[in-house]
Amino acid sequence: MTMDMQINNNRQELDPDPLTGIEVDVLLESQIDATLDRQLREYLSTIFPEWSSIFAQRRAWHEAAPVFSILARRGDEILGHVGVVERTISSCWNWRYLVASFQGVSVAPAVRKTGLSHKILQKSLDASIARGYPFAILFCREPLVHFYQDLGWSLPDDSMIMWRDRALPIAMRSNCPMYRVLADIPLPEGPIDVHNPFEY
């Protein structure tokens with residue numbers, strides 16, 4: 001064995017891949033049973049403690065449950081999550097689209113800075129494209145804007161506001177809206193309103 005091979009083998013023994021054994025799956029809501037739902041709510045309460053009173057009961061932020069979720073797990077341990085909610089966006093030009101709205105984007109502290117967040121976000125985008133959504137949107141906090149921009153997300157040129165019941169705006173703690181184009185159409189110009197899905 002050469003000296004270089006021995007150094008590489010020693011490095012692998014000292015620095016094992018932190019993603020070893022982690023599986024990333026796309027699960028429809030119908031595939032999430034009561035046990036997994038409880039585990040997810042416990043995980044989300046740990047990651048987002050300010051929302052723990054909501055997660056004690058449900059995983060739906062602002063009355064919108066995920067259509068599907070991306071989970072990173074090692075055995076029964078949840079290490080990453082993206083919930084994808086179907087929402088409607090509309091513009092002052094009366095353009096309306098059903099979009100994939102990402103919520104609860106997170107990885108557990110033990111596996112941060114390992115590339116897992118990139119992996120679950122890409123899996124979320126791929127699943128959204130496969131389901132025909134033209135855009136993906138999310139709301140993040142300002143310190144994370146550059147992280148998402150490095151992954152190809154953009155800030156809208158105008159306002160993007162989430163509404164409850166088409167009349168009442170929701171005060172978002174994560175106040176930076178971002179989007180990804182998933183099809184061959186540009187994001188509508190002007191202010192964008194984000195709603196729970198409604199009939200066209």
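Computed from a prediction, not measured in an experiment: that's the story for all the values here.
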Going through the checks in order, is the side-chain contact (heavy atoms from CB on, under 4.5 Å) test met by Y179 and I89?
-> CA-CA 11 Å; Y179 73 95; I89 63 169; over 6 Å; no
Taking C-beta and beyond as the side chain, do Y133 and E86 meet within less than 4.5 Å on heavy atoms?
-> yes
When every non-hydrogen atom of I32 is compared with those of D37, the smallest separation belongs to CG2-N, 3.7 Å
Please examine the side chains of P186 and V181, heavy atoms only from C-beta on, and report whether any two atoms are closer than 4.5 Å.
-> no
Once you round to the nearest 0.5 Å, how far does CG of L182 lie from OG of S128?
-> 6.0 Å
Return the minimal non-hydrogen interatomic distance between G83 and S69, and the atom names on each side.
-> CA-OG, 4.0 Å
Can you name the closest pair of heavy atoms from L155 and P177 and give their distance?
-> CD2-O, 3.3 Å
Are side-chain heavy atoms of S124 and I70 found at a separation under 4.5 Å?
-> yes
Could you tell me whether Q31 atom CD has more than 12 heavy atoms of other residues or ligands within 6.0 Å of it?
-> yes
Taking side chain as C-beta onward, heavy atoms only, is V105 less than 4.5 Å from Y148?
-> yes
Can H118 and F147 be said to form a ring-ring contact (aromatic ring centres under 6.0 Å, His included), step by step?
-> CA-CA 10 Å; H118 296 203; F147 166 80; 5.6 Å; yes
CD/Q122: more than 12 non-hydrogen atoms of other groups inside 6.0 Å = yes
Is any side-chain heavy atom of L44 closer than 4.5 Å to a side-chain heavy atom of W51?
-> no
Please assess S106 against Y43 for the test side-chain hydrogen bond (donor to acceptor under 3.5 Å, both in side chains), listing each intermediate value before the final yes or no.
-> CA-CA 10 Å; S106 57; Y43 164 83; 2.9 Å; yes
Could you pull out all residues at least two apart from E42 that satisfy salt bridge (charged side-chain N to carboxylate O under 4.0 Å, His left out)?
-> R38
Working to the nearest 0.5 Å, report the span between CH2 of W153 and CZ of R180.
-> 7.0 Å
Given R131 and V26, is the side-chain contact (heavy atoms from CB on, under 4.5 Å) satisfied, shown in steps?
-> CA-CA 12 Å; R131 286 161 176 77; V26 179; 4.0 Å; yes
N/O donor-acceptor pair under 3.5 Å between H81 side chain and V107 backbone = no
To the nearest 0.5 angstrom, please state how far the OG1 atom of T114 sits from the CD1 atom of I22.
-> 6.5 Å
Quick one: are D158 and S91 in side-chain contact, heavy atoms under 4.5 Å?
-> no
Kindly say whether F55 contributes a backbone atom to a donor-acceptor pair with the side chain of R59 at under 3.5 angstrom?
-> no
Would you check if the side chain of R87 reaches a backbone N or O of V194 as a donor-acceptor pair within less than 3.5 Å?
-> no
Are L138 and V85 co-members of a hydrophobic cluster defined by side-chain heavy atoms under 4.5 Å apart?
-> no
Spatial distance of atom OG1 (T35) from atom CG (L40) [nearest 0.5 Å] | 11.0 Å
Which residue pairs pass the salt bridge (charged side-chain N to carboxylate O under 4.0 Å, His left out) test when at least one of the two sits in residues 103-122, sequence neighbours left out?
-> none
Does the side chain of M178 reach to within under 4.5 Å of the side chain of I137, using non-hydrogen atoms?
-> no
What distance do C92 atom SG and I192 atom CD1 have between them, rounded to the nearest 0.5 Å?
-> 8.0 Å
Just how far is it from atom OG of S117 to atom CG of L151, taken to the nearest 0.5 Å?
-> 7.0 Å
Sort and list the pairs that fulfil salt bridge (charged side-chain N to carboxylate O under 4.0 Å, His left out) and have at least one residue in residues 71-81, not counting sequence neighbours.
-> D25-R73
Compare all side-chain heavy atoms of W95 with those of Y97 and state whether any distance is below 4.5 angstrom.
-> yes
Please report the closest heavy-atom contact between A108 and I47, naming both atoms and the distance.
-> CA-CD1, 4.2 Å
